[in-house]
Structure formats: C-alpha cells, structure tokens
Amino acid sequence: MDYVIIVAGGKGLRMGTETPKQFLPVAGKPILMRTIERFYEYNPDINIILVLPESQQEYWHQLCEEHHFDIKHQIANGGDTRFQSSKNGLALIPDDADGVVGIHDGVRPFVSTSVIDECYETAREEYAAIPVYAVTDTLRYIDQRGGGKNVMRDDYRVVQTPQTFDIALAKQAFNQGYKAQFTDDASVVESLGCQVAMVEGNRENIKITTPFDIKVAEALLAE
C-alpha cells in the first residue's frame with residue numbers, strides 16, 4: 001500500500017501575508033487542497049498524510065468545511081524542522097507497511113500525475129527516487145571570501161518533490177538523529193549509503209513561496 005506525506009509548515013513570511021502560504025487561494029481554492037487533489041487524481045486509494053503545525057490545524061478544518069473538501073487524509077503534527085515534520089508523518093505509517101512513500105511539499109500543486117507515477121514506480125525498483133530537471137541559467141559559485149566563479153550547469157540539476165522511498169528504508173533513515181547536512185528528505189536516505197535514482201520532473205512543478213509565484217500559478221491554471 002502506497003502513502004504520500006504532504007508537508008505544509010510554512011508561515012508565509014516571504015509571501016508577506018499573515019495567512020500561511022499553503023492556505024492562500026489560487027483561482028479560488030487553497031493551494032494545499034490543489035496539491036492533495038493531484039495525488040488523489042494519481043491514485044484515489046493512496047494513503048494521504050498531511051503534516052501541519054498544531055496551531056494551523058483548526059483553520060485547515062474550517063477551510064475544508066467551507067470548500068466542501070472531503071478527500072480522506074490523516075493529520076500529523078509539524079515539527080521544528082523539515083526532518084522532524086517528515087519523521088512525524090512517517091510515524092503514522094505502520095512499521096510493517098509494505099510499499100512506497102512519497103514526501104511532497106504542500107505548496108507544489110502542479111506536479112504532473114505522470115511524474116508522480118514515474119517517481120513511485122522507480123522507487124519500487126530502486127528503493128529511492130527524486131524528480132529533477134536541467135538547469136538553464138548560468139550558475140556561479142561564491143566562496144567564503146566573497147569571490148566567485150562560474151560552474152558548469154550541466155553538472156547540476158534542480159530537485160523537486162515528491163521524493164519517493166521504500167517505506168522500510170525511509171523509516172530506517174529517519175530513525176537517525178538530525179544532522180545539518182539534511183537539506184531534503186533524499187539527503188537523509190543518502191546518509192545511509194543508499195543511491196537515489198533521478199527521474200525527469202516537470203517544469204510546472206513550482207514551489208509557491210512568493211507573490212510572483214502566485215501570479216505564475218494563476219497563469220498555469222488559466223491554461
């Protein structure tokens with residue numbers, strides 16, 4: 001049985017609003033609902049776990065009532081770090097569960113169902129998979145003295161979510177103590193020495209964190 005953990009712990013600071021970014025409406029519907037709908041569209045039977053700070057859970061329930069949002073999901077409490085939030089979500093999955101778990105940003109509502117499918121099927125074979133896409137801008141490395149130099153962009157990829165893992169592997173990885181080098185969920189799994197496969201992501205799978213991103217999201221939905 002497959003799971004997805006949707007992590008939504010943003011405070012909306014970069015958005016400049018009091019409302020956390022995951023609750024902001026895009027074309028009349030909260031971003032977080034659109035994200036959940038995308039995974040339901042991929043597989044109506046997938047087990048959805050939503051990770052939210054305790055202080056935001058009552059407001060989320062109100063939004064669900066207002067929008068008649070009835071896609072079944074469990075709620076886990078958010079942690080102080082992404083690592084802890086993902087770990088709290090994993091704790092709701094039975095230890096003997098067999099399958100794949102995806103961990104996805106709550107403010108990425110435009111991941112394609114084909115990318116979701118590719119991530120889950122690759123993780124089924126390779127134990128761990130992440131969606132990536134090529135860098136198109138010039139990249140520059142900045143050193144500690146403030147100097148810098150351009151680097152070969154072909155050597156780099158932009159990483160997206162969902163990041164998908166064999167459930168037993170993910171539980172083993174998140175049983176570790178937190179380390180500063182855990183920049184995303186894949187880095188936690190890689191610390192065990194596990195290779196993480198890469199699949200081609202979709203460029204529309206943006207992370208909505210700024211007012212400009214909201215404009216892009218509205219344009220994507222207008223299409």
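More than 12 non-hydrogen atoms from other residues, nucleotides or ligands lie less than 6.0 angstrom from OH of Tyr178. Within 6.0 Å of the OH atom in Tyr120, the count of heavy atoms belonging to other residues, nucleotides or ligands exceeds 12. Heavy-atom contacts from other residues, nucleotides or ligands closer than 6.0 Å to CD of Gln181 number more than 12.
Aromatic ring orientation, Phe23 versus Tyr59: perpendicular (interplanar angle above 60°, classes split at 30° and 60°).
With rounding to the nearest 0.5 Å, the separation of CD1 in Ile48 from CD in Glu37 is 10.0 Å.
The pair Glu218-Lys215 fails the salt-bridge criterion, with no side-chain N (NZ, NE, NH1 or NH2) lying under 4.0 Å from an Asp/Glu carboxylate O. A salt bridge links Asp2 to Arg124: one of the charged nitrogens lies within less than 4.0 Å of a carboxylate oxygen. Between Lys171 and Asp96 there is no salt bridge, since none of the side-chain N atoms of the basic residue sits less than 4.0 Å from a carboxylate O of the acidic one.
Under a 3.5 Å cut-off, the side chain of Thr161 and the backbone N or O of Asp105 do form a donor-acceptor pair. Put simply, the side chain of Gln163 gets close to the backbone of Ala186: a donor and an acceptor are under 3.5 Å apart. Of the possible donor and acceptor atoms, one in the side chain of Arg140 sits under 3.5 Å from a partner among the backbone N and O of Gly148. Thr19 contributes no side-chain N or O that, together with a main-chain N or O of Leu24, makes up a donor-acceptor pair within less than 3.5 Å. Arg157 places a side-chain N or O within 3.5 Å of a backbone atom of Asp154 that can act as its donor or acceptor partner.
Between Asn77 and Val51, the shortest heavy-atom contact is O-CG1, 3.7 Å.
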